[in-house]
Amino acid sequence: MKKKLSISLLPGDGIGQEISVEAKKILNWIDQNTELELDCFEELVGGASIDKHQTPLHDKTLEKIKRSDAIILGAVGGPKWEKLPFELRPERGLLKIRKELDLFANFRPAIVFDSLINSSSLKPTIIKNLDLLIIRELTGGIYFGEPRGIEKINEKISKGFNTLVYTTPEIERIAKVAFEAARQRGKKLCSVDKANVLESTELWREIVISTGKKFPDVQLSHMYVDNASMQLVRNPKQFDVIVTTNMFGDILSDCASMLTGSLGMLPSASIGYDNSGNKKAMYEPVHGSAPDISGKGVANPLAMILSVGMMFKYSFSRGDISGLISKVVNSILEKGYRTKDINDQNCKEVSTSEMGDLVLKELKNEKI
Ligand code: IPM
Ligand code: MG
């Protein structure tokens with residue numbers, strides 16, 4: 001009998017729509033060619049949901065996706081909704097899913113495919129064979145800290161403020177996830193903070209050190225975020241796993257994406273656990289909705305397709321399927337096919353849907 005899995009697909013806005021079409025091609029193929037039965041249903045989030053329901057995430061959508069086995073999200077946001085009040089903006093929909101499902105651990109791997117080595121703005125020697133994992137805390141820190149807001153001080157002056165706050169349990173759980181991930185890889189963990197200036201990250205450092213006592217086999221180091229951003233472009237291969245706060249992780253992961261050649265190549269997984277200890281997860285590309293190129297058929301669907309791959313590994317313990325997806329992506333790149341963002345002179349430029357079709361064609365040659 002086939003094993004049934006329900007998957008929420010939330011295309012969102014901008015290029016999120018286009019790359020989701022390509023993700024569906026891959027999901028359909030897996031549904032038809034494995035013993036897994038993938039029951040995929042689509043829902044609205046972000047601007048798409050605002051247009052229909054006047055809210056970036058409808059309560060019914062939240063309830064429905066909470067019950068699914070995994071969530072795949074394209075991207076949210078765009079100029080059309082930028083002027084809306086803060087709570088109604090597309091990004092609030094995404095942040096609400098992360099918070100409501102308590103998806104506190106965000107995995108953002110940055111892997112350099114050999115064939116893309118010339119797409120990066122860095123020298124090949126700096127990035128060759130790079131395989132780095134950024135683990136970003138996703139449900140705390142300055143993104144969610146209270147108090148926050150914009151207040152009027154007097155007629156002329158207003159004050160905008162946010163709070164960077166972390167508690168012991170919040171730091172402990174992300175540190176534990178990071179140590180465990182490092183243990184499975186190169187056994188090196190670098191914790192990035194700003195402990196010389198910010199008390200919340202002084203506590204972060206203290207708790208990471210104490211959590212590390214249970215992981216004596218993992219080599220722990222610490223770095224201030226300003227130095228870490230510099231080291232990421234100077235010598236990224238010194239890192240194996242980086243663990244950091246919500247906002248520092250947001251910034252450093254965009255930076256790391258360019259080591260790989262394009263933001264269009266980076267998948268991510270956001271993971272948490274419900275009260276019974278069952279894993280909950282959402283998978284999404286690290287890039288945004290790219291309104292400037294949306295609707296043109298030029299977006300790179302590979303970060304989205306690799307996010308589908310991550311889902312099979314992290315949610316369904318099917319490392320074989322995620323390995324296959326990575327292998328197929330690698331082989332297409334080796335053959336010289338590129339979307340616009342990663343193209344160079346000697347390569348064949350393909351559209352979003354052509355890239356999806358190539359992945360599908362290559363998958364058809366594989367045994368699962
Ligand atoms: C990301 C994005 C989001 C974030 C935005 C869209 C809210 O930049 O996933 O990195 O800041 O977390
Ligand atoms: Mg970001």
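Bear in mind the structure is a predicted one, so any value in this text is a computation, not a measurement. When a ligand or atom number is given, it counts from 1 through the structure's own listing order.
Within the cation-pi definition used here (under 6.0 Å to the ring centroid, within 45° of the axis), Lys279 does not qualify as a partner of Tyr314. With Tyr337 as the aromatic partner, Lys348 meets the cation-pi criteria of under 6.0 angstrom to the ring centre and within 45 degrees of the ring axis. In this structure, Arg173 is positioned above the aromatic face of Phe104, its NZ or CZ under 6.0 Å from the six-membered ring centre and within 45° of the axis.
Paired with Glu137 under the rule side chain to side chain donor-acceptor pair (under 3.5 Å), one option of Tyr166, Tyr143, Trp204 passes, and it is Tyr166. Of the residues Val225, Asp250, Leu252, Thr201, the one that meets the side chain to side chain contact (heavy atoms under 4.5 Å, CB included) test with Thr245 is Thr201.
Taking a cutoff of 4.0 Å between a charged side-chain nitrogen and a carboxylate oxygen, Asp114 and Lys128 qualify as a salt bridge.
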Evaluation steps, salt bridge (Lys or Arg N to Asp or Glu O under 4.0 Å), between Glu43 and Lys64 = CA-CA 9 Å; Glu43 290 292 335; Lys64 200 165 167 199; 3.0 Å; yes
ask   = Where do Arg205 and Glu202 land on the salt bridge (Lys or Arg N to Asp or Glu O under 4.0 Å) test, with the steps shown first?
value = CA-CA 5 Å; Arg205 189 176 287 215; Glu202 191 185 329; over 6 Å; no
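When heavy-atom distances to ligand 1 are checked against 4.0 Å, the residues falling inside are Glu91, Leu94, Arg98, Arg108, Arg136, Tyr143, Asp250, ordered by chain and number.
Residues Ser120 and Val112 have side chains not in contact (no heavy-atom distance under 4.5 Å, counting atoms from C-beta outward).
Protein N/O/S atoms closer than 2.8 Å to the Mg ion (ligand 2), listed by chain and residue number, are Asp250 OD1.
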